[in-house]
Amino acid sequence: MTGNSDKVRSLFLTALMVFSVFAGTVAFSGGAAAAANVSVEQATEYDSGTVELALNGSTGSAVPRGNIDVYIDGNENPGNYNVSSVDGTDDGTTGRLQFSLDQDVQPNRNLTVKVSGLTGGDNTVVAQDIDVTSETITATQTNDTELNAFRGEVIAIENTSADDSDGPSVEVEGDSVVLSDSYTDNSEVYTVDTSDFDTGEDYTISVNNNEEAVVTISDLSLEVNIDDDVGDGANIDDTDTLAVNVSTNRGGEPANATLFNEDDDKVATQIKNLQGNNNVVFDFGNQSADDSPYYVSVTDNQTGVSAESDQINVSESGEGDASFETSTVQDDIGDVANITVQVDNTENAVINVGSQNDDNYAIQGQLEDENGDGEVTVQFNSYTAGTNNNNTVLTVPGDDDLDEVTEKGSFTDSRDSLEEDALEPQSYSMNVTAGTSPDVTSPDTVGTLRLNENSVENVRTWVAPSDADIDDDDIDVYDRIGENLTQSDDIAAEDIVVHEIEASGIEGALEYEQEDNGSSDVTDAFVAAADTTPDRINDDRSTSGLKLYVNRTDVGANADADPLNFTNSSSGLTVVDDPDNNTYFVALDTSDVEFESGNTITGEEDTEINATFSVREGPLSDDTSSDSAVYTTSERNAELDLDDDGFVTVGAAAGQTVSGDTNVAPGSELEVEMESESEANPFVERPEATVGPNGTYVATEDFSDYSAGTNFTVQTLDVDGDSDFSDEEDGRIVEADTATVSISDQESDGSEVVVDSAQLSSGGFIAIHAGDASGDVVGNSEYLEAGTYNDLTITLDEPMDENFTAVAMPHQDTNGNEAYDFPGDDGPYTQNGSAVTDSANVTVSAEEPEDTPEDTPEDTPEDTPEDTPEDTPADTPEDTPDTGTATTEAEGPGFTAAIALIALVAAALLAVRRDN
């Protein structure tokens, strides 16, 4: 039988004892015990619930259905596996007993049969661990079957014409397996176990030399893995979760997962449907260290294929402990305080915040570290505290768990709604204790939650392009700064104005609106929590006391300010929150909103607006705190840069630029349309340009295919490319600017290079690139007027410490500011579409030592001859030990000879120096 190990077989030893089978047993496929005059030679379940017992002789009389008992996994005669009929011919008298069950037996089940009422012994015969097959092939003497099977399945080959006295032969042939055998006497079924077959191969099955079927073997890829993300790994303690991940390449079918202990005893079983190529978690909870180690065996029910996990060791846990990551946690009234609890040798802890006696308020919760990372982050919402809305006051994000939350104290009893005063700003005690008992008398760790007064610190404005998606989850709002978010108090109509509000006391109200009051996102939550209705600033309309008013102030004398009406997200409002930094970005699309009067920003040339955010006196504060930002909106416009003659001038070359200034938001994508006025040189070009931080834009186009002398018109198109918002200007193509440059191989100390010559037709710079023309710019000249230059020294930005290739490249001053602004502006001079360059090898050499050649000749001849001859022979042998330098003692003839040789060489050198 496939998929049943010795562990499972042991489950039925007790059943065999009940049967009182004490006679000798006879070995057979599937296992059997004989107590009557006949014994079972082979037992098989096949063809959707048919059972065959091949006996070693006749039972003498037909076996009735009532004399057959069926055991499934040790359970006697389960109702859904009753014997429905006994074959009229093979009723035992032929030596073959065949009967049918009410339903098919799955290969993962253990099947045992007891037949009673026989002759001899105790009139019983038992067949246990019967081979349960998953597929049946019927021999028809024609190869008409193609079968896909998973490796490990047991296949039945039925031959209804088998000769009882001389069973037919069966062969299985493939590249890796060649099997030749014969049917058991009195059997019409042969079983093939595919456990040793190779996946991806075809196997031909023949009966009596007739090919009957071709079986293709696949791998079920059943894997049982211990995963730290699911349980706690292969080495855990008795407080940890024992769990495994099970995966297979076929989904939707059930599987049995059985947990075994060190004695191979079954501890627990779970059945779940597997999911193709996705992990299914079998969680067995906490297990005792006494029965460790454990392992989990998983069997696919449909095929009987099994797999086991590695060994899982469970040890006794030490005494549990809980503590705070930070003993003092600070936040502001109205915000959500994050309290991190660390647990050791336990998954559970009880946290208390506040004290009924000292604070008249306390809240308690039962924590569980479900993901096993040793900590649980608890979020305490000071805005909803005391309302008995426990789902909002104390929460645990992520995979961990929180239960049994209770609030107590007179403050809780008196606060009926969120309109009542929130907690007072002060210090609140905290404690945490390992375990689950709510009665904490001696906490493991104590701490303090300090709730400060909230405040509005700052309101300032930013501008973003009209097509910016401010709340895109893939882009952090801070990453937009310098790209398409720029601080400004001058907003072009139709752009997005972003109000950056730095204020505490907002987070709790926004979380409540999203978690418990039905807001779908932070924008809806902001609208629900903060009063944004077009009323006067002193009206009290919001429950929380949070207010945002954006009013037009340039309405003239004797008139009230005209507020913007943006009471819902469809009115152009988008909110991005950063509660950790008490910062909230409230963005308004100025093309969507309108004033209370019905006027729009778009139609106004100049509009002055005041945006005020405040935390009013109310549930969150005893005083009002606010701040404002004033900004203007104006008509969108752009202005092209012209030369001294009032033209947009480009050269008949590649890389020509047209620039301008605009008041639209930096980061906006514009187009510059250039249309020829010449029938001989017709063209319409629309290069794109991105507005820079300073409001400038540069479009680059290739005019090398057009002739000098051609006139054209130029205008700037807005973001959508459909409307112009600059005056139409005249343009002209002139002869392209030219440049030459020459640089030779040279030596340098690494701080500068010398360019032999350069000629610039309209002025600019000489840049030095390292390596090649696309390499980094490592230095550039000052601005050079138009003209010719020789032996031009260029100081490098940082000294080079090794040899390199210097590429000299002339650059234009495209923006006319006489400052090198490449990349961006100031592109290179080009010729035939490529930058003008020349290169040279620069050898970097270190500076030579100073004074050495001059000093040595003067001093050495005078001093050395006088002192050395007299002192050296006499002093060296006696004085050497007294120099204080460590020496190694040596002796022997060789050492003495070496000393003598050194002395002779020294005397010879002295003589030579005297002669010189």
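These values consider heavy atoms only, across backbone and side chains, with no hydrogens, waters or symmetry-generated copies. In this text the structure is predicted, and so the values were computed from the model without any measurement.
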Chemist: May I ask you to decide if the ring planes of F703 and F683 are parallel, tilted or perpendicular, using 30° and 60° as cut-offs?
Modeler: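 Aromatic pair F703/F683 classed perpendicular.
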
Chemist: Please check if any side-chain donor atom of Y706 sits under 3.5 Å from a side-chain acceptor atom of E685, or the reverse.
Modeler: yes

Chemist: Determine, step by step, whether T553 and E608 satisfy the side chain to side chain donor-acceptor pair (under 3.5 Å) criterion, reporting the C-alpha distance in whole Å, the side-chain angles of both residues, the deciding distance to 0.1 Å, and the verdict.
Modeler: CA-CA 6 Å; T553 57; E608 184 178 276; 2.8 Å; yes

Chemist: Do the non-hydrogen side-chain atoms of E802 and V844 ever get within less than 4.5 Å of each other?
Modeler: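 The answer is no, as the side chains (C-beta and beyond) never meet within the 4.5 Å cut-off.
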
Chemist: Would you say S659 and D641 are linked by a side-chain donor-acceptor pair, where the criterion is simply a distance under 3.5 Å?
Modeler: yes

Chemist: For a side-chain contact (heavy atoms from CB on, under 4.5 Å) check, start with the C-alpha distance between V336 and D331, then their side-chain angles and the critical distance, and finish with the verdict.
Modeler: CA-CA 7 Å; V336 178; D331 218 317; 5.8 Å; no

Chemist: Assess, by modelled atom type and distance only, whether the side chains of Q330 and N452 contain a donor and an acceptor separated by less than 3.5 Å.
Modeler: yes

Chemist: Report yes if the side chains of R636 and D495 come closer than 4.5 Å at any heavy-atom pair, otherwise no.
Modeler: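 They are in side-chain contact.
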
Chemist: How are the rings of H769 and H811 set relative to one another: parallel (under 30°), tilted (30 to 60°) or perpendicular (over 60°)?
Modeler: parallel

Chemist: Is there a donor-acceptor contact under 3.5 Å linking the side chains of T690 and E669?
Modeler: yes

Chemist: Using modelled atom types only, decide if a donor and an acceptor are shared between the side chain of T805 and the backbone of G771 within a distance under 3.5 Å.
Modeler: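 Not a single qualifying donor-acceptor pair exists.
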
Chemist: Have a look at Q715 and tell me which of E675, E729, E673 forms a side chain to side chain donor-acceptor pair (under 3.5 Å) with it.
Modeler: E673

Chemist: Before you tell me yes or no, could you show the steps for D627 and E457 under side-chain contact (heavy atoms from CB on, under 4.5 Å), namely the whole-Å CA-CA distance, both residues' side-chain angles and the distance that decides it to 0.1 Å?
Modeler: CA-CA 7 Å; D627 195 61; E457 298 296 332; over 6 Å; no

Chemist: Is the shortest distance from a Lys or Arg side-chain nitrogen in R460 or D489 to a carboxylate oxygen in the other one below 4.0 Å?
Modeler: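 A salt bridge is absent here (no side-chain N lies under 4.0 Å from a carboxylate O).
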
Chemist: Determine which pairs satisfy ring-ring contact (aromatic ring centres under 6.0 Å, His included) with at least one residue from residues 455-511, sequence neighbours left out, and list them in order.
Modeler: Y478-F585, H499-Y631

Chemist: For Q514 and S519, run side chain to side chain donor-acceptor pair (under 3.5 Å): C-alpha distance rounded to whole Å, both residues' side-chain angles, the deciding distance at 0.1 Å, then the answer.
Modeler: CA-CA 5 Å; Q514 292 183 85; S519 294; over 6 Å; no

Chemist: Could you tell me whether the side chains of D661 and T696 share a donor-acceptor contact shorter than 3.5 Å?
Modeler: no

Chemist: What pairs of donor and acceptor atoms, side-chain ones from residues 772-780 against any protein atom, are under 3.5 angstrom apart with sequence neighbours left out?
Modeler:
{"unit_1": "D772", "atom_1": "OD1", "unit_2": "S774", "atom_2": "N", "d": "3.0"}
{"unit_1": "D772", "atom_1": "OD1", "unit_2": "S774", "atom_2": "OG", "d": "2.9"}
{"unit_1": "D772", "atom_1": "OD1", "unit_2": "G775", "atom_2": "N", "d": "2.9"}

Chemist: Starting from the C-alpha separation in whole Å, work towards a yes-or-no answer on side chain to side chain donor-acceptor pair (under 3.5 Å) for T843 and N803.
Modeler: CA-CA 5 Å; T843 302; N803 301 343; 4.7 Å; no

Chemist: Run T738 and Y829 through side-chain contact (heavy atoms from CB on, under 4.5 Å) and show every step you take.
Modeler: CA-CA 6 Å; T738 60; Y829 281 86; 5.6 Å; no

Chemist: Should the pair D554-R552 be classified as a salt bridge under the 4.0 Å nitrogen-to-oxygen rule?
Modeler: yes

Chemist: Is a side-chain donor-acceptor pair under 3.5 Å present for N610 with T612?
Modeler: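 On atom types as modelled, these side chains qualify, holding a pair under 3.5 Å.
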
